[in-house]
Amino acid sequence: MKTLSPRLKAAAREHLEGRYVTIILAYVIANMLTNLPSLFFSETFNTSTLPGYALNTFANLVLGFFSAIFLVGQNHICLQCIRGAETVPLSEMWYGFRGRADEIITTYFLYLIRYLATGLPFAAMAVCYIRSGYSLWFGILSLITLAFMMIMWLKISLDYGILLFLFIDRTDLSPSDTLAECKKMMLGNRKQLLYLHFSFAGMFLLVFLSFGIAMFWLYPYMRMTYGEFYCHLAGEKIIPEDSISDNPLETD
């Protein structure tokens, strides 16, 4: 099998030409509309009390749903660019709010439930560890369940890595069917997506050294690359097969 990363990135750079501004503006506006309220709630609610903590958690959960809707809009812009649109208006960032916001919220909620479910064993062991007076055995069980939780979180993130791209194309599927179809498409491609994630690791050093300024270049690049990855899995011949070099990380 073959690694897609070099060709995905090359295609992403090509499709980004002249379109960086649209994607980065969509990113900046979405972050302002979600992060500023998050900061406001953090300052407003007294998180040292249970009611304040609960209200702050609920507010951030709601904002997380809005972030997912905005991300669908950004993904929609990327797919239009990949599929040949010469210009994509910034107004397309609101795509997720046009009639399907409730489905995005439901789909994303079902996705989050999978994360929460795998964290229950660790939460239970951590509570037992504290209530037992920091018992050695409960401490060991806490570490084991923590490792299990981290492994499962990684698996879930890879299983549903193209979820908010697939949602755009498969309007005929229910939220649960969208999750099932996404997992099916990722079967045999999880390691390739993991490899793609790691291929951006060095670029985050540039973001750090530039005090975050390089993120304005890196974010559109990553978003478009993941769009290229989705299109490849969807069967769209974006990437010429003969230009992909061999790599054993393609298969699961």
* **No-hydrogen, no-angle side-chain donor-acceptor test under 3.5 Å, Tyr115 and Trp153** => no
* Who pairs with Phe200 by side chain to side chain contact (heavy atoms under 4.5 Å, CB included), at least two apart in sequence or on another chain? -> Lys9, Leu196, Met203, Phe204, Leu218, Tyr221, Met222, Thr225, Tyr226
* More than 12 heavy atoms from other groups under 6.0 Å of CZ on Phe66 -> no
What donor-acceptor contacts under 3.5 angstrom involve side-chain atoms of residues 129-137, with partners at least two apart or in another chain?
| from | atom 1 | to | atom 2 | distance (Å) |
| --- | --- | --- | --- | --- |
| Ser132 | OG | Cys128 | O | 2.9 |
| Ser132 | OG | Tyr129 | O | 3.0 |
| Ser132 | OG | Ser135 | N | 3.2 |
| Ser135 | OG | Trp137 | N | 3.4 |

* Go through the structure and list residues passing salt bridge (charged side-chain N to carboxylate O under 4.0 Å, His left out) with Arg100, not counting sequence neighbours. => Glu103
* Would you say the side-chain atoms of Glu92 and Thr22 include a donor-acceptor pair closer than 3.5 Å? -> no
* Checking Asn46 side chain against Gly52 main chain: does a donor-acceptor pair fall under 3.5 Å? -> no
* Going by atom types only, do Asn35 and Ser38 share a side-chain donor-acceptor pair under 3.5 Å? -> no
* Asked: Residues in side-chain hydrogen bond (donor to acceptor under 3.5 Å, both in side chains) with Asp159, at least two apart?
  -> Lys155, Arg190
* Give a yes or no on whether the backbone of Met125 and the side-chain of Ser142 come within a donor-acceptor separation of less than 3.5 Å. => yes
* Just do the side-chain hydrogen bond (donor to acceptor under 3.5 Å, both in side chains) check on Gln74 and Tyr219 with the steps written out, would you? => CA-CA 11 Å; Gln74 294 166 40; Tyr219 181 81; 2.3 Å; yes
* All salt bridge (charged side-chain N to carboxylate O under 4.0 Å, His left out) counterparts of Asp169, not counting sequence neighbours -> Arg83
* **Stepwise side-chain contact (heavy atoms from CB on, under 4.5 Å) check, Phe65 with Tyr108** => CA-CA 7 Å; Phe65 290 136; Tyr108 196 66; 3.7 Å; yes
* To do: Using modelled atom types only, decide if a donor and an acceptor are shared between the side chain of His232 and the backbone of Glu228 within a distance under 3.5 Å.
  => no
* Structure fact -> Taken in chain and number order and not counting sequence neighbours, the residues that satisfy side chain to side chain contact (heavy atoms under 4.5 Å, CB included) with Tyr160 are Tyr111, Arg114, Ile156, Leu163, Leu179, Cys182, Lys183
* Hey, are the side chains of Tyr27 and Ile23 touching, using non-hydrogen atoms and a 4.5 Å cut-off? -> no
